[in-house]
K.L.:
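Okay, handing you the structure first.
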Amino acid sequence: MPQAIAETAFDILYLGFALTAGLTMLLKGNTPLIKKAGLMAALLGAGDAFHLVPRCYALWTTGLEANAAALGIGKLITSITMTVFYLILYAIWRDRYQITGRSNLTRTMWGLSVLRIALCLLPQNQWLSYRQPLLFGIIRNIPFAIMGIIIIVIFVRENNRTKESVFRFMPLAVTLSFGFYLPVVLFSGTAPAVGMLMIPKTLAYVWIVFMNWQLYRQSNH
């Protein structure tokens with residue numbers, strides 16, 4: 001019961017913030033950049049809800065294993081929406097720093113996204129099972145990790161060039177999100193306690209959304 005109470009309270013706060021901030025920026029943003037930020041945040045909240053809501057339900061009722069199918073479908077949807085999340089963050093990078101050209105980089109990001117989503121859709125992932133195969137957990141996350149590395153590198157380069165203020169910690173936030181997420185992929189099956197790293201991973205995403213929220217606040221002053 002303590003786990004159910006703690007996770008539910010955390011998830012309500014997290015989803016509430018992501019959806020509220022996202023929809024506010026999307027509907028009230030006065031520039032394409034802010035609207036992209038809003039879409040990204042709203043997609044984050046909506047996508048994660050497909051996994052977190054069934055998880056909370058499971059914790060309060062018959063347990064995680066009894067609700068494996070709903071949790072698995074939620075993880076599949078979240079995997080796809082997180083892929084799109086980083087595509088939008090890439091578009092925000094281009095908009096914020098007025099990047100032109102670099103078509104090869106854009107094609108790479110899109111190619112990695114399509115590959116990641118295609119891998120997520122393969123039946124070998126066994127999404128409906130309570131314990132999913134580690135091998136495909138690793139395989140489907142390889143293109144996702146490469147996308148993350150690209151995002152980190154391009155934000156670092158532009159931050160160094162422009163002495164960015166709002167996004168100066170974006171590379172750190174993305175690094176932390178992957179740093180907390182990858183051990184969960186690798187070890188949560190054998191050491192369930194590692195799953196607790198999803199909390200700081202989620203906080204890293206809150207930080208990413210908050211940085212974009214700062215842009216929105218600045219645009220209204």
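Predicted model, so just to flag it, every value in this text is computed and none were measured.
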K.L.:
Are L52 and E7 close enough that some pair of their side-chain heavy atoms sits under 4.5 Å apart?
P.N.:
no
K.L.:
Ignoring hydrogens and geometry, is there a side-chain-to-backbone donor-acceptor pair from W127 to A69 under 3.5 Å?
P.N.:
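Not at all, since once roles are kept as given, no pair shorter than 3.5 Å links the two residues.
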K.L.:
Is F167 atom CZ crowded by more than 12 heavy atoms from other residues, nucleotides or ligands, each under 6.0 Å away?
P.N.:
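Yes, CZ of F167 has more than 12 neighbouring heavy atoms, counting only those of other groups under 6.0 Å.
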K.L.:
First locate atom CG of L39, then atom CD1 of I88, and finally report the distance between them rounded to the nearest 0.5 Å.
P.N.:
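Taking CG in L39 and CD1 in I88, the distance rounds to 4.0 Å.
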K.L.:
Atom OH of residue position Y97 - does it have more than 12 heavy atoms of other residues, nucleotides or ligands inside 6.0 Å?
P.N.:
yes
K.L.:
In terms of ring plane angle, is the pair F178 and F144 parallel, tilted or perpendicular, where the classes change at 30° and 60°?
P.N.:
tilted
K.L.:
Calculate, to the nearest 0.5 Å, the distance between atoms CG and OG1 belonging to L115 and T108 respectively.
P.N.:
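Those atoms lie 12.0 Å apart.
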K.L.:
Side chains of Y90 and T106: does their closest heavy-atom pair fall under 4.5 Å?
P.N.:
yes
K.L.:
Return the CD1 to CG distance between I150 and L112, rounded to the nearest 0.5 Å.
P.N.:
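So the CD1 of I150 and the CG of L112 are separated by 5.5 Å.
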K.L.:
Look up atom CG in L121 and atom CZ in R116, then write down how far apart they are to the nearest 0.5 Å.
P.N.:
10.5 Å
K.L.:
Under 4.5 Å between side-chain heavy atoms, hopping through other hydrophobics if needed: is there a path connecting L172 to F85?
P.N.:
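Result: yes, single cluster for both.
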K.L.:
Do the side chains of E164 and R157 get close enough for a salt bridge, i.e. N-O under 4.0 angstrom?
P.N.:
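A salt bridge is absent here (no side-chain N lies under 4.0 Å from a carboxylate O).
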K.L.:
Going hydrophobic residue to hydrophobic residue with side-chain gaps under 4.5 angstrom, can you get from L33 over to L23?
P.N.:
no
K.L.:
Evaluate the side-chain proximity of E158 to I99: yes if any heavy-atom separation is below 4.5 Å, no if none is.
P.N.:
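SC-SC contact between I99 and E158 confirmed.
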K.L.:
For a 4.5 angstrom cut-off between non-hydrogen side-chain atoms, does L76 reach C120?
P.N.:
yes
K.L.:
Between atom OG1 of T83 and atom CG of N141, what is the distance when rounded to the nearest 0.5 Å?
P.N.:
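Rounded to the nearest 0.5 Å, the OG1-CG separation comes out at 8.5 Å.
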K.L.:
Of M211, M40, M170, which is the lone residue that meets side-chain contact (heavy atoms from CB on, under 4.5 Å) with I92?
P.N.:
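That would be M40.
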K.L.:
Is any side-chain heavy atom of W60 closer than 4.5 Å to one of T8?
P.N.:
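Yes - at least one pair of side-chain heavy atoms lies under 4.5 Å apart.
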K.L.:
Quick one: closest heavy-atom pair of Q126 and Q132, and the distance?
P.N.:
O-CG, 3.1 Å
K.L.:
Are M109 and I151 packed together at the side-chain level, in the sense that at least one heavy-atom pair is separated by less than 4.5 angstrom?
P.N.:
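They are in side-chain contact.
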K.L.:
Using every non-hydrogen atom in the two residues, find where I138 and V185 come nearest and quote the distance to one decimal.
P.N.:
N-CG1, 4.3 Å
K.L.:
Can you check whether R96 reaches L215 side chain to side chain, under 4.5 Å on heavy atoms?
P.N.:
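Result yes, sub-4.5 Å side-chain heavy-atom pair found.
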K.L.:
With distance as the sole test, does D48 use its side chain to make a donor-acceptor pair with the main-chain N or O of G45 at under 3.5 Å?
P.N.:
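Flag not set: sc D48 to bb G45 has no pair under 3.5 Å.
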K.L.:
If you look at every heavy atom in R94 and G101, which pair is closest and at what distance?
P.N.:
NH2-O, 2.8 Å
K.L.:
Does G47 offer a backbone N or O that forms a donor-acceptor pair with the side chain of T78 under 3.5 Å?
P.N.:
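Here the side-chain-to-backbone pair exists.
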K.L.:
Look at the side chain of K35 and the backbone N and O of G29, then say whether any donor-acceptor pair between them is shorter than 3.5 Å.
P.N.:
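Yes; judged by distance alone, with no hydrogens or angles, the pair exists.
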K.L.:
Looking only at non-hydrogen atoms, find the nearest pair between L134 and L186 and report the distance.
P.N.:
CD1-O, 3.7 Å
K.L.:
Would you call the rings of Y14 and F10 parallel, tilted or perpendicular if under 30° counts as parallel and over 60° as perpendicular?
P.N.:
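Y14 and F10: parallel rings.
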K.L.:
Looking at P171 and N159, what are the two nearest heavy atoms and their distance?
P.N.:
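Taking P171 first and N159 second, the nearest heavy atoms are CD-ND2, 3.6 Å.
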K.L.:
Starting at OG of S79, measure out to CD1 of I117 and round the result to the nearest 0.5 Å.
P.N.:
10.0 Å
K.L.:
Using the rule that Ile, Leu, Val, Met, Phe, Trp and Tyr join whenever any side-chain heavy atoms are under 4.5 Å apart, tell me whether L119 and M82 fall into a single cluster.
P.N.:
no
K.L.:
Taking a hydrophobic cluster as the set of Ile, Leu, Val, Met, Phe, Trp and Tyr residues connected by side-chain heavy atoms closer than 4.5 Å, whether directly or through intermediates, do Y86 and I149 fall within one such cluster?
P.N.:
no
K.L.:
Tell me, do T61 and N67 make a side-chain contact under 4.5 Å, heavy atoms counted?
P.N.:
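With C-beta onward as the side chain, the pair touches.
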K.L.:
Step through it carefully: locate the ring centre of F210, locate the ring centre of F17, and say whether they are under 6.0 Å apart.
P.N.:
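No, ring centres 6.0 Å or more apart.
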K.L.:
Using the rule given for side-chain contact (heavy atoms from CB on, under 4.5 Å), can you reason through V174 versus F155, listing the C-alpha separation, both sets of side-chain angles and the distance that settles it, and then say yes or no?
P.N.:
CA-CA 10 Å; V174 176; F155 269 97; 6.0 Å; no
K.L.:
Of the non-hydrogen atoms in M25 and A41, which two are nearest, and what is the gap between them?
P.N.:
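Looking at all heavy atoms of both residues, the shortest contact is CE-CB, 4.1 Å.
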K.L.:
Under the side-chain contact (heavy atoms from CB on, under 4.5 Å) criterion, do V184 and K201 qualify, and how do the steps go?
P.N.:
CA-CA 10 Å; V184 175; K201 183 220 76 165; over 6 Å; no
K.L.:
Starting from M198, can I reach W207 by hopping between I/L/V/M/F/W/Y residues whose side chains sit under 4.5 Å apart?
P.N.:
yes
K.L.:
Centre-to-centre under 6.0 Å for Y216 and W213, is that the case here?
P.N.:
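Ring centres of W213 and Y216 closer than 6.0 Å.
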